[in-house]
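What follows is one structure encoded as structure tokens, with my remarks underneath.
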Amino acid sequence: MQYLPLFMAVPLLVAFAIPLFSRLNRWLADILGNLTTLYLLAAAIGLYFIRPFNNMIVYRMGGWGPPFGINLVLDGLSHFLLLTVCLIAFMATLYSIAYMRQYTAKGKYYSLFLLMLAGMNGVVLTGDLFNLYVFLEIAAVASYALVAFGTEAEELEASFKYLVMGAVASAFILVGIGIIYSLTGTLNMADAARLLSGGSGTIKMFVAALFIMGFGLKAALVPFHAWLPDAHPSAPAPISAMLSGVLIKALGVYALIRVFFNVIGLTPQLSYIFMVLGAASMLVGVLLAIGQWDFKRLLAYHSISQIGYVILGIGLATPLGVMGGIFHLFNHALFKSLLFLNAGAVEYTIGTRQLQEMGGLSRKMPVTSATSLVASMSIAGIPPFNGFWSKLFIIIACIQAGRPWFALAAVIGSLLTLASFLKVQKYAFFERLKPKFENIKEAPLVMGVSMVLLALLCLGAGLAFPYVLRFLVNPAVIAVANGLGYSRMILGGF
Amino acid sequence: MKEGMTIIVKTITRFVGAMIMLFGAYIVLHGHLTPGGGFAGGVILASGFILLTLAFGKNVSSKILSQRAASGFESLGGLIFLGTALLGYAGGFFFLNLLPKGVSGKILSAGIIPVCNIGIGIKVGAALFAVFTALVILRIKPGKEE
Amino acid sequence: MVYFLSFILLLIGLYCIVVKKNLLKIIVGLVIVEYAVNLFLVVIGYRSGGHAPIINLSAPEWLYVDPLPQALVLTSIVIGLAVLTMVVAIAIRIYERYGTFDITEIRRLKG
């Protein structure tokens, strides 16, 4: 437990060291990057044996106590997201060993990747509002650079759009943090929660609106989603997997949950706003995705839709709804990154992303095709894969909470997702092989290994979902349902 | 075309350039006593190097501090900062203020703060100079790709 | 009153980002937004009759303004500088690829 800051310090250390030493050996950057993510994944899993179950660890940086210093808080929700982030990061760096052969400047890629990872770990672990903003900016600026990594014309345009919108959102978040500071005189989340409770409603509504705008843009909710379909396809494939798989969740959804459930406190109007935004994201995302012919752009639109499911589940604020939302967050990280890695493998082998030019790849690329079938069935919600269970929980929770129209919207979204992925599977993998693709081979071995590992996790999380729920998701739900009791647990009773 | 600017600018820069860097180092070192600190001092250091580049042309300034050296200094500055933060583990907490805190108001006081300021100053100075060089030596020709 | 003015500055910056068609003017709008937010944060820390927060040992009864928002603003300025550096580098590369700074012609990603 002394080692919580290492989750942020070690990636930063290696990120600064790689440009110094990467000229010595061609593979040094790869080795260092993969060792770092492997260490972080092992540390995240190892924390499960140290953390007292259903309780939190509070680490005081520099020895300064709660109202004065920056605290790192590891409760169920933080630990769950930390595990997800480190898992997907390890898979992505494993995949990048082979994929980044087509780009130059691998040292800079790993350096930026580790910076983004340090930023995400910091967002998830911190217990202080301004520290959240700083790490959010670290991760966001690293991701702006990574989206533009190939420096082709379209990637630069996408990165510019993403950058301007992201910077405006960060400005709104900072205004919100400033207003909270001027109301309470402290930046610590627990202290601010204690001082804000029972305050005037109008200013809290204004701060809530600012935070919904700011964090909602980072999470790609519907009125703020316009950057995602351009930014996510343009990045290199492992970065697309990281962006869609964990960045929009750690920076957007986690920050929303933390600020609204534990600091500001959820009211019925706010909960209804979340449900409406979630339902709108579900439908708009999937309706825009059906007409897409670019593989990665289609996957990006589906990301918007699935995050809508998560926000709908969490916005219900009932235990079953929150459990469904958080479980779906984990599942989406698994199957969406697997889909993006598949799209990357297809692009690495064939060189195009347009569905109409592909066909019949399942004969020549069996590993990619099988894993993409697993991922497509997961996202469409077919039992026994993991997507089915999480969507079922969300739909049942909607009906139980007395909101049948939202449940209907979720079902419609799920059916349209199924239709969209049937189209993808048909056009990409299961038709006649075009004559110019006769000589293609399967994707390289390390790419195949990471894809197979993710597919096994999808299947495993679906088959063994009671265990996943008991050990991973339920502590997170308890931490969320704790609400304003979070501050009581940290400050020790008032 | 002659490198750099006119002879008036070159003469003045020879006098003033070193003083600018000295001033930047002063602001970095007195970060715990006066306003400024690592970031502001680093920007002044970088502007000293940028003045050199503008006045004498990039051939002269790249002999004094090439772009690879600037990158190296940047990484070194970051490692100094993280190193002092990790050194706090010897006292029990990350980022603990370990070194002796002397009399308030003297320059050798406040524990690790001057060391962190020096690390940040080196990093920011080198980073801004590297950014300036990278943006300036790129000769862009506007062209349309198909 | 000053809070109101800093919000107007934020709105001017947003207007620049939304309406202008030149990439560099959009960048200037972004910088104005960041400055407006920094101004807002600094003004939050003001106390009437306060002096700058540097301890003066010969006048111990002075009231000082709040130094914490000034530390926040220092960090925010650095972050703003990093974002500005990145966006200017991207804009230069866009000019190299597209040949223009006009955003109505930089529209290859559609749909």
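By convention in this document, chain letters (A, B, ...) are assigned in the order of the sequence lines, proteins followed by strands, and residues within each chain are numbered from 1. This structure is a prediction, so every number in the text was calculated from the model and none was measured.
If you take CG on C:L81 and CZ on B:F39, they are separated by 5.0 Å, rounding to the nearest 0.5 Å.
Sorted by first and then second residue, the salt bridge (charged side-chain N to carboxylate O under 4.0 Å, His left out) pairs with a member in residues 113-128 of chain B read B:E74-B:K123; sequence neighbours excluded.
Annotation: residues 39-50 of chain C contacts chain B through no residue [non-hydrogen atoms, separation under 4.5 Å]. Of residues 15-30 of chain B, not one residue has a non-hydrogen atom less than 4.5 Å from any non-hydrogen atom of chain C.
With sequence neighbours excluded, the residues satisfying side chain to side chain donor-acceptor pair (under 3.5 Å) with C:T104 are C:D102.
Summarising the local packing, CD1 of B:I8 is surrounded by 12 or fewer heavy atoms from other residues, nucleotides or ligands at distances under 6.0 Å.
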